Amino acid sequence: MLELHEHIEAERQQPGARVFLSDYNGGHPYVERYLGPLAHTAPRHLADITRYAGLDEDLDLRSKIAAMHQRYDGVAYGERNVVPAGGSSSVLGTFVTWLAVNGHRRIHYVAPVYYKLAYLLRRFGIEPVPVASGHAYQPEFDLSLPEERTVLVLTDPVWYAGRRVPAEVLDAIAAWQQATGSLVFVDGTFQYMPWDGRPGEASALLPAEHTLRMVCPTKYLSLHGYRCAHLLVPAALRQELADLHINLHGDVAVSDRLFAHRAADLMIGHGNGDLVGHIRDNHARFTASGALAARTPAETGFFLFGRPRVPHRWFLALDERYFELDGHPGYVRINLLNPTALEALTATVPGHDAFGSSGNGGSPGGRSASGAAAGEGVAVPPHSG
């Protein structure tokens with residue numbers, strides 16, 4: 001899986017590369033609304049830039065994050081349960097370093113895991129052992145947890161398909177934690193983006209004294225240019241993990257600290273319902289276009305897992321192999337916030353030449369897969385790769 005990611009990254013960065021359907025980036029109409037003062041005011045006018053940002057020292061920020069989770073999840077978090085960070089990648093780095101420092105040479109996991117976590121485990125010589133066949137949302141999912149005390153890594157939601165981990169799976173893991181004292185690390189990077197508007201995350205109900213949960217407000221708001229994440233931890237582990245994190249990564253830029261406050265305020269107040277509505281609208285228009293031959297139902301996040309009506313090798317895309325999955329030949333991850341990807345796929349349908357339109361009208365100011373103005377009739381040629 002790691003080698004596949006390395007190869008696609010190499011091609012993605014080449015001039016003239018195929019359209020990347022599974023891209024990590026994507027825009028939306030709510031950027032200025034979500035940024036507030038950060039949309040038009042330089043950070044030096046909002047904070048003292050002669051000082052280090054001191055993210056972990058910011059008790060107000062940690063308290064805001066705890067309050068947000070109390071509101072969403074109904075769990076009694078406090079600032080002693082929060083380790084704020086500059087992005088989920090840095091949290092993963094701290095977690096794997098913590099595993100190595102504490103002598104862990106083997107962990108268990110439920111597939112899929114983010115490729116950066118797999119990379120770090122390999123570099124630190126920690127063996128990842130799967131505990132199930134299939135993925136948690138699949139009917140054939142077969143969970144077999146070890147009887148030993150260990151560390152289990154779980155990704156919720158299963159981001160590439162936009163699917164939550166079912167409550168019964170989390171219930172089984174919670175009972176196993178209580179029986180064995182095992183620690184569970186939840187990669188919740190795409191949490192708090194449910195399409196049905198249901199508040200809270202089921203993984204928040206895992207035993208608090210045995211659970212680490214990573215949350216990423218930059219994904220929640222789809223504003224990836226800022227770096228902001230946090231780790232929810234047992235109070236007994238907070239200082240150890242916070243000390244390790246600051247010594248590994250140092251402080252964030254003051255702009256990221258300002259954004260962390262803005263994101264926490266939004267999560268407590270206005271929320272991201274308008275962004276989620278935009279994602280759902282894109283999903284409805286795209287799936288109605290006829291560009292897909294098949295798809296799995298999505299319920300959260302901004303990715304869709306589906307099989308294009310044309311060979312997916314025409315495009316650059318992450319297929320089942322990138323997620324330790326089988327049984328879905330031709331399916332690829334599609335970013336519902338990336339108009340270039342959606343337009344490229346829609347352009348393969350006779351009578352459609354721009355995402356969200358048919359015939360020759362196009363969408364005002366829209367761009368096609370090749371960068372041409374919408375409505376110019378984009379042809380997507382087959383590719384030999």
Side-chain angles (χ1 to χ4, degrees), residues 24 34 55-56 58 60-96 98 113-114 116-117 152-159 162-165 170 173 183-194 197-208 210-224 226-235 237-238 241-242 245 249 252 256-257 259-273 275-276 300-303:
Y24 322 106
Y34 286 164
L55 197 64
D56 191 63
D58 191 337
D60 183 37
L61 174 62
R62 283 162 47 192
S63 296
K64 281 183 185 179
I65 292 170
M68 180 277 291
H69 284 289
Q70 288 187 52
R71 175 189 169 184
Y72 276 73
D73 300 317
V75 175
Y77 289 112
E79 55 89 10
R80 290 287 301 164
N81 300 110
V82 179
V83 178
S88 55
S89 293
S90 66
V91 174
L92 292 174
T94 297
F95 171 61
V96 177
W98 180 84
V113 296
Y114 188 46
K116 285 186 180 179
L117 179 61
L152 176 71
V153 173
L154 170 73
T155 302
D156 179 37
V158 182
W159 79 102
R163 299 296 298 274
R164 296 185 182 102
V165 172
L170 294 170
I173 290 172
L183 188 73
V184 171
F185 179 93
V186 180
D187 181 348
T189 299
F190 284 88
Q191 291 192 343
Y192 304 102
M193 302 184 75
R198 187 178 74 191
E201 292 288 344
S203 62
L205 302 180
L206 293 172
H210 298 304
T211 303
L212 309 176
R213 188 159 62 102
M214 180 172 68
V215 179
C216 187
T218 56
K219 290 291 192 297
Y220 172 91
L221 299 172
S222 193
L223 296 173
H224 315 304
Y226 285 93
R227 305 304 298 147
C228 170
H230 56 266
L231 189 61
L232 298 168
V233 302
L237 290 177
R238 202 210 82 84
L241 287 163
H245 188 83
H249 306 290
V252 300
D256 286 335
R257 178 179 173 181
F259 177 76
H261 273 277
R262 176 67 182 173
D265 290 338
L266 280 167
M267 293 180 85
I268 291 172
H270 182 269
N272 65 349
L275 171 61
V276 173
T300 189
F302 52 77
F303 287 121

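What you see is a predicted model, and the numbers here were worked out from it, not measured in a lab. Count residues from 1 along the sequence.
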| said: Taking the side chain as everything from C-beta on, heavy atoms only, tell me whether F95 gets closer than 4.5 Å to L231. | reply: no

| salt bridge (Lys or Arg N to Asp or Glu O under 4.0 Å) between D73 and R213, intermediate numbers included | CA-CA 13 Å; D73 300 317; R213 188 159 62 102; 3.0 Å; yes

| Between E79 and R238, what is the shortest heavy-atom contact and its length? | O-CD, 3.8 Å

| Can you name the salt bridge (charged side-chain N to carboxylate O under 4.0 Å, His left out) partners of R262, sequence neighbours left out? | none

| task | Test side chain to side chain contact (heavy atoms under 4.5 Å, CB included) on D187 and V113 and set out the steps. | result | CA-CA 8 Å; D187 181 348; V113 296; over 6 Å; no

| How close do V91 and A85 get, heavy atom to heavy atom, and via which atoms? | CG2-CB, 3.5 Å

| task | Side-chain contact test, heavy atoms from C-beta onward, threshold under 4.5 Å: evaluate it for R62 versus D56 and give yes or no. | result | yes

| task | List for me each residue that meets salt bridge (charged side-chain N to carboxylate O under 4.0 Å, His left out) alongside R164, sequence neighbours excluded, and say none if there are none. | result | D196, E299

| task | Just do the side chain to side chain contact (heavy atoms under 4.5 Å, CB included) check on Y114 and T155 with the steps written out, would you? | result | CA-CA 8 Å; Y114 188 46; T155 302; 5.9 Å; no

| Does the side chain of L212 come within less than 4.5 Å of L232's, by heavy atoms? | no

| request: State, with a plain yes or no, whether a side-chain heavy atom of L154 is found less than 4.5 Å away from one of L170. | output: yes

| query | Which residues pass the side-chain contact (heavy atoms from CB on, under 4.5 Å) test with A235, sequence neighbours left out? | reply | R80, N81

| said: How close do L92 and K116 get, counting heavy atoms only, and between which atoms? | reply: CD1-CB, 4.4 Å

| remark: Sorted by chain and number, sequence neighbours left out, ring pair (Phe, Tyr, Trp, His ring centres under 6.0 Å) with H69 holds for Y77, Y192, H230

| Quick one: are V215 and I65 in side-chain contact, heavy atoms under 4.5 Å? | no

| Below 4.5 Å, heavy atoms only, C-beta onward: do T189 and W159 meet side chain to side chain? | no

| message | For D58 and K64: C-alpha separation, side-chain torsions, deciding distance, then whether salt bridge (Lys or Arg N to Asp or Glu O under 4.0 Å) applies. | response | CA-CA 10 Å; D58 191 337; K64 281 183 185 179; over 6 Å; no

| task | For D256, check salt bridge (charged side-chain N to carboxylate O under 4.0 Å, His left out) against everything at least two apart and list the hits. | result | none

| field | ring pair (Phe, Tyr, Trp, His ring centres under 6.0 Å) against H249, all qualifying residues, sequence neighbours excluded | value | H245

| message | Please enumerate all residues that pass salt bridge (charged side-chain N to carboxylate O under 4.0 Å, His left out) together with R227, with sequence neighbours excluded. | response | none

| note | Here the gap from Y24 atom OH to F302 atom CZ, rounded to the nearest 0.5 Å, amounts to 12.0 Å

| remark: Those residues at least two apart in sequence (or on a different chain) that pass ring pair (Phe, Tyr, Trp, His ring centres under 6.0 Å) with Y226 are F259

| For S88, side-chain hydrogen bond (donor to acceptor under 3.5 Å, both in side chains) partners two or more places apart | none

| query | If every non-hydrogen atom of T300 is compared with every non-hydrogen atom of P157, which pair is closest and at what distance? | reply | CG2-CB, 3.6 Å

Listed pairs under 3.5 Å, donor-acceptor, residues 217-224 side chains, sequence neighbours left out:
from: Y220; atom 1: OH; to: Y72; atom 2: OH; distance (Å): 2.8
from: Y220; atom 1: OH; to: N272; atom 2: N; distance (Å): 3.2

| request: Output all residues satisfying side-chain contact (heavy atoms from CB on, under 4.5 Å) with P199, sequence neighbours left out; order by chain, then residue number. | output: none

| said: Tell me the closest heavy-atom pair linking G78 and V82, and the distance in Å. | reply: O-CG2, 3.8 Å

| field | Heavy-atom side-chain contact between L61 and L55 under 4.5 Å | value | yes

| task | List for me each residue that meets side-chain hydrogen bond (donor to acceptor under 3.5 Å, both in side chains) alongside S203, sequence neighbours excluded, and say none if there are none. | result | Q191

| query | Taking C-beta and beyond as the side chain, do F185 and V96 meet within less than 4.5 Å on heavy atoms? | reply | no

